[in-house]
Amino acid sequence: QNPMKKTKDLIGNAGATFVNAFTVTPLCCPSRSSILTGQYPHNHGVRNNSLSGNCSSPQWQKGPESQAFPVFLSKLEYQTFFAGKYLNQYGQKDAGHVGHIPPGWDHWHALVGNSQYYNYSLSVNGKEEKHGDNYGDDYLTDLITNRSLTFLDNRSPQLPFFLLLSPPAPHAPWTAAPQHQKDYADIKAPRDGSFDKPGKDKHWLLRQPANPMTASSLTYLDNAYRKRWQTLASVDDMVEKLVEKLKSIDELNNTYIFYTSDNGYHTGQFSLPIDKRQLYEFDIRVPLLVRGPGIAPNQTVEAPVLNIDLAPTILDICGFNVSLANVDGQSFLSQMVKVTRYVFLVQQCFPDCVCEDAYNNTYACVRTLDSSQNLQYCEFADSESFVEMYDLKSDPHQLENIVKKVDPSVLQVMNQRLIKLQSCQGQSCRETFDISRTNMYENHFQSFSSKAFSFFLISLKSF
Ligand SMILES: *[C@@H]1O[C@H](CO)[C@@H](O)[C@H](O)[C@H]1NC(C)=O
Ligand SMILES: *[C@@H]1O[C@H](CO)[C@@H](O)[C@H](O)[C@H]1NC(C)=O
Ligand SMILES: *[C@@H]1O[C@H](CO)[C@@H](O)[C@H](O)[C@H]1NC(C)=O
Ligand SMILES: *[C@@H]1O[C@H](CO)[C@@H](O)[C@H](O)[C@H]1NC(C)=O
Ligand SMILES: *[C@@H]1O[C@H](CO)[C@@H](O)[C@H](O)[C@H]1NC(C)=O
Ligand SMILES: *[C@@H]1O[C@H](CO)[C@@H](O)[C@H](O)[C@H]1NC(C)=O
Ligand SMILES: *[C@@H]1O[C@H](CO)[C@@H](O)[C@H](O)[C@H]1NC(C)=O
Ligand SMILES: *[C@@H]1O[C@H](CO)[C@@H](O)[C@H](O)[C@H]1NC(C)=O
């Protein structure tokens, strides 16, 4: 009934479910690069999904990729395995072709280019392997599952292992496995929150879509929603097989499993048919479930965590001194036990969808989030220098832009925090900011307390 049912049982119910997990940039290649490096895009330099925007570019390979977390795992004698989609331009001629194996990986089965389910090429340890469209031989989600099981069977039991399984599902072209093609026949995109609401006081792009949406747009997005679920059903099967295998080789109670995504997605919110790349909750929130030794079952974790926190968390689990890694994020290992708080940035750049891939969807936002407040402040690099601000505590679906309502001094404080975060590096990205000015919020938002709170940056560069 839900394409993540087994995943929720086997990972979430057996461990922690993070209800405030975010990507710092809602676009494939920059987000994946953030996961690999633990850095904000302004530090790893990957701007969009193109080679010219550093997606798997020679500069990326020479710089950030050579210090990504798998390199450290390898030094710690982990047996490392990768299968699936890596970075959108991976394997292209100008990105070193299939012969390029990023450092740190012992077993490498990486998709050339962007998401496919059939008719693709892989780099298998540096050699090209071509696939057609026979389900039993080629369906990529299953192939990733099968090769990971083989890796576990063949590993050396004396040494620890690390696998990164990266199925393209539920990305387009949404080709379901034959046995799942009829699943979820009655499922439609949910009509709640900001679904088909006009983006009237929002930035230029959000003022363009037809509202209400046409019947054909609704049919299109409902189909996309259903097909995404159908492709996820195979990922759910993957999780089940992996957990069974770990159990059978007696490693389940000794292994951490993380389940997450590089981006959120929208289907009809603010009358945008389908895509990501927006600063709103539906695009920047990602699932995050973690199970493993020491993590109590059935936990809900409220603390905000970011995709740049995954690398330091994994290194922390491996006993690596995280302060020696050049990361902007921080380990959330201790948050799976006790809750702390902090702040972040969201950024975004645009490539494949014509309507949303506009240069003027370049933005940077500062987000504050703790138990007493939840604010988002965003600046656009468009011809209007547009600003959006939301109080997500009273307006969780971001329906009302309050920029004209709040005291200008509040905007000024948010603007200063944003400027600071946009150039942060390492420790300065993790600081809980000076809170001495919090009183000014109390004048405008009665619910705000004067307690310390945390910030982060979310941004996207669209040109
Ligand atoms: C977690 O919660 C679910 C649903 O309430 C329950 O069925 C399951 O037994 C719990 N698991 C553990 C390990 O406590
Ligand atoms: C690409 O990354 C390098 C550093 O790895 C950086 O110097 C350069 O500015 C980046 N290019 C773009 C277009 O951001
Ligand atoms: C990606 O970023 C580069 C560098 O900023 C830019 O030249 C290129 O046009 C961008 N590509 C797309 C598709 O936005
Ligand atoms: C795979 O490629 C073949 C040959 O071009 C084509 O006939 C077939 O329809 C493709 N299959 C899929 C699932 O796209
Ligand atoms: C995966 O393994 C199963 C079980 O052995 C097999 O039936 C299936 O054909 C394999 N699929 C792929 C794509 O390798
Ligand atoms: C896992 O279970 C085995 C017995 O099945 C036990 O010897 C081992 O100590 C357990 N490991 C952890 C980390 O709990
Ligand atoms: C981690 O490295 C930092 C920086 O070199 C050092 O100051 C700190 O003592 C180290 N911590 C541990 C636990 O080794
Ligand atoms: C956004 O870009 C489009 C296409 O280039 C342009 O027509 C429009 O005026 C721009 N809007 C703003 C607010 O910059």
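Numbering of ligands and ligand atoms starts at 1, following listing order.
Residues H397 and F195 have side chains not in contact (no heavy-atom distance under 4.5 Å, counting atoms from C-beta outward). Under the 4.5 Å side-chain criterion, counting only non-hydrogen atoms from C-beta, F162 is in contact with W105.
Considering R367, E281, Q398 in turn, Q398 is the only one that fulfils the side-chain hydrogen bond (donor to acceptor under 3.5 Å, both in side chains) rule with Q376.
Of the inter-residue distances, the one linking Y265 atom OH with I274 atom CD1 reads 3.5 Å to the nearest 0.5 angstrom.
Residue-ligand proximity, S52 to ligand 3, at heavy-atom distances under 4.0 Å covers atoms 1 (C), 3 (C), 4 (C), 6 (C), 7 (O), 8 (C). In the vicinity of G53, heavy-atom distances shorter than 4.0 Å reach the ligand 3 atoms 1 (C), 2 (O), 3 (C). Using a 4.0 Å cut-off to heavy atoms of N119, the atoms of ligand 4 that qualify are 1 (C), 2 (O), 3 (C), 8 (C), 10 (C), 11 (N), 12 (C), 14 (O). Each of the atoms 13 (C) of ligand 8 lies under 4.0 Å from some heavy atom of E384.
Of the N or O atoms in N48, one or more lie within a sub-3.5 Å distance of an N or O in ligand 3. Taking distance alone, with nitrogen or oxygen atoms compared against 3.5 Å, D133 approaches ligand 4 more closely than that limit.
When only non-hydrogen protein atoms are considered, atom 13 (C) of ligand 4 lies nearest to Y118 CD1, 3.8 Å.
Within a 4.0 Å radius of atom 7 (O) of ligand 4, the protein contributes no non-hydrogen atoms. Put simply, atom 4 (C) of ligand 4 has no protein non-hydrogen atoms near it, under 4.0 Å away.
In this structure, R207 forms a cation-pi arrangement with F386, its terminal cationic atom sitting closer than 6.0 Å to the ring centre and no more than 45° off the ring axis.
Judged by distance alone, the side chains of R417 and T368 never bring a donor and an acceptor atom under 3.5 Å apart.
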